[in-house]
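Indexing begins at 1, ligand by ligand and atom by atom, following the structure's order. Given the structure is predicted, the values throughout are model-derived calculations rather than measurements.
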Amino acid sequence: MEIINVKNHIEGGKIAAEILVKAICLKPSSVLGLATGSSPESTYDALVESYRRGGVSFECVKTVNLDEYIGLPQASPQSYHYFMWKNLFSRVNIKPENTHIPNGLAENPEEECTRYDKLIESLGGIDIQLLGIGHNGHIGFNEPSATFTDGTHVVELAPSTIEANSRFFSSKNEVPTRAITMGTEQIMRAKRIILLAFGEGKAEALHHALCGEINPVCPASILQKHQNLTVIADEDALSKM
Ligand code: F6R
């Protein structure tokens with residue numbers, strides 16, 4: 001495991017983007033596993049910056065997102081589809097057909113999970129997975145539980161996640177209670193993982209994830225077993241290490 005201690009999320013985003021750009025230059029058809037939320041925003045800004053300078057092309061890049069809420073239309077500003085188009089896809093030359101996000105409006109969410117697993121397999125797996133970490137140690141929407149999860153599945157969001165994500169909605173009651181997420185074992189199959197953590201609010205979860213017992217009570221703790229994990233975090237997030 002490599003830990004890169006950065007000044008702030010801007011510097012962290014630049015470093016994460018550099019890693020992604022290098023990977024895309026080496027393999028233009030890279031499969032990127034992407035996350036939403038506050039943590040990867042500065043990475044997406046730095047990627048866009050690099051694209052505008054001519055440093056990278058997304059022409060052949062393929063993306064698979066970690067998760068999506070169940071029940072939100074793609075056009076809803078709180079959906080992860082909307083987030084990805086606003087923050088990255090509409091700002092670079094990626095082909096829409098090469099971007100993949102679970103369909104939270106699928107009539108049969110379980111079938112959608114199977115379709116998504118097959119899709120990831122058909123792409124040859126994930127080359128680099130970008131992750132944030134929840135205050136409760138979740139990755140994707142894999143909430144603390146009794147077992148680690150395998151493939152894409154439907155989850156009930158933990159009250160603490162609903163609370164944390166309510167900042168993007170006008171009230172807590174509007175936050176969907178279910179989501180589709182890639183599983184922890186599936187995330188672990190990515191060839192390389194970059195975990196982003198910024199701010200004091202992540203300190204406890206990051207400490208447990210990287211130094212605590214490997215236990216599904218902190219889903220991110222499984223990352224300790226990954227052969228190629230880079231953690232990019234600021235002083236505040238690393239303050240309990
Ligand atoms: C988002 C995701 C979540 C977030 C986590 C941290 O696609 O999978 O696991 O990475 O909730 O969210 P932020 O970055 O908003 O603190």
Assess the pair F169 and Y69: is the distance between their ring centroids shorter than 6.0 Å? yes
Would you list the atom pairs, donor with acceptor, under 3.5 Å between side chains in residues 233-241 and any protein atom, with sequence neighbours excluded?
| unit_1 | atom_1 | unit_2 | atom_2 | d |
| --- | --- | --- | --- | --- |
| D234 | OD1 | G199 | N | 3.1 |
| D234 | OD1 | D236 | N | 3.4 |
| D234 | OD1 | A237 | N | 2.9 |
| D234 | OD2 | G199 | N | 3.0 |
| E235 | OE2 | N5 | ND2 | 3.4 |
| S239 | OG | D236 | O | 2.7 |

Is the ring pair Y51/F58 parallel, tilted or perpendicular, if the boundaries are 30 and 60 degrees? perpendicular
Quick one: sort the Y44 and F83 rings into parallel, tilted or perpendicular, breaks at 30° and 60°. perpendicular
More than 12 heavy atoms from other groups under 6.0 Å of NZ on K191: yes
Counting only heavy atoms not in E121 (residues, nucleotides, ligands), do more than 12 fall under 6.0 Å from its CD? no
What atoms in ligand 1 come closer than 4.0 Å to a heavy atom of [X]?
X   : result
A35 : 7 (O)
D67 : 1 (C), 2 (C), 7 (O), 8 (O)
T36 : 1 (C), 7 (O), 10 (O)
L66 : 8 (O)

Polar-atom distance check: P40 versus ligand 1, any N or O pair below 3.5 Å? no
Looking only at N/O atoms, are S38 and ligand 1 under 3.5 Å apart anywhere? yes
Identify the protein heavy atom lying closest to [atom], giving its residue, its atom name and the separation to 0.1 Å.
atom                    : result
atom 6 (C) of ligand 1  : I133 O, 3.4 Å
atom 5 (C) of ligand 1  : H138 NE2, 3.4 Å
atom 14 (O) of ligand 1 : S39 OG, 2.5 Å

Closest to atom 3 (C) of ligand 1 among G140, P219, G37, G201 (heavy-atom distance): G140
For atom 10 (O) of ligand 1, which of the options A197, G132, G134 provides the nearest non-hydrogen atom? G132
Would you call K202 a ligand 1 contact, heavy-atom distance under 4.0 Å? yes
Mind checking whether R167 has a heavy atom under 4.0 Å from ligand 1? yes
Partners of E59 by salt bridge (charged side-chain N to carboxylate O under 4.0 Å, His left out), sequence neighbours excluded? K95
When rounded to the nearest 0.5 Å, the distance separating NZ of K225 from CE of M1 is 13.0 Å
Short question: side chain of N142, backbone of I139 - any donor-acceptor pair under 3.5 Å? yes
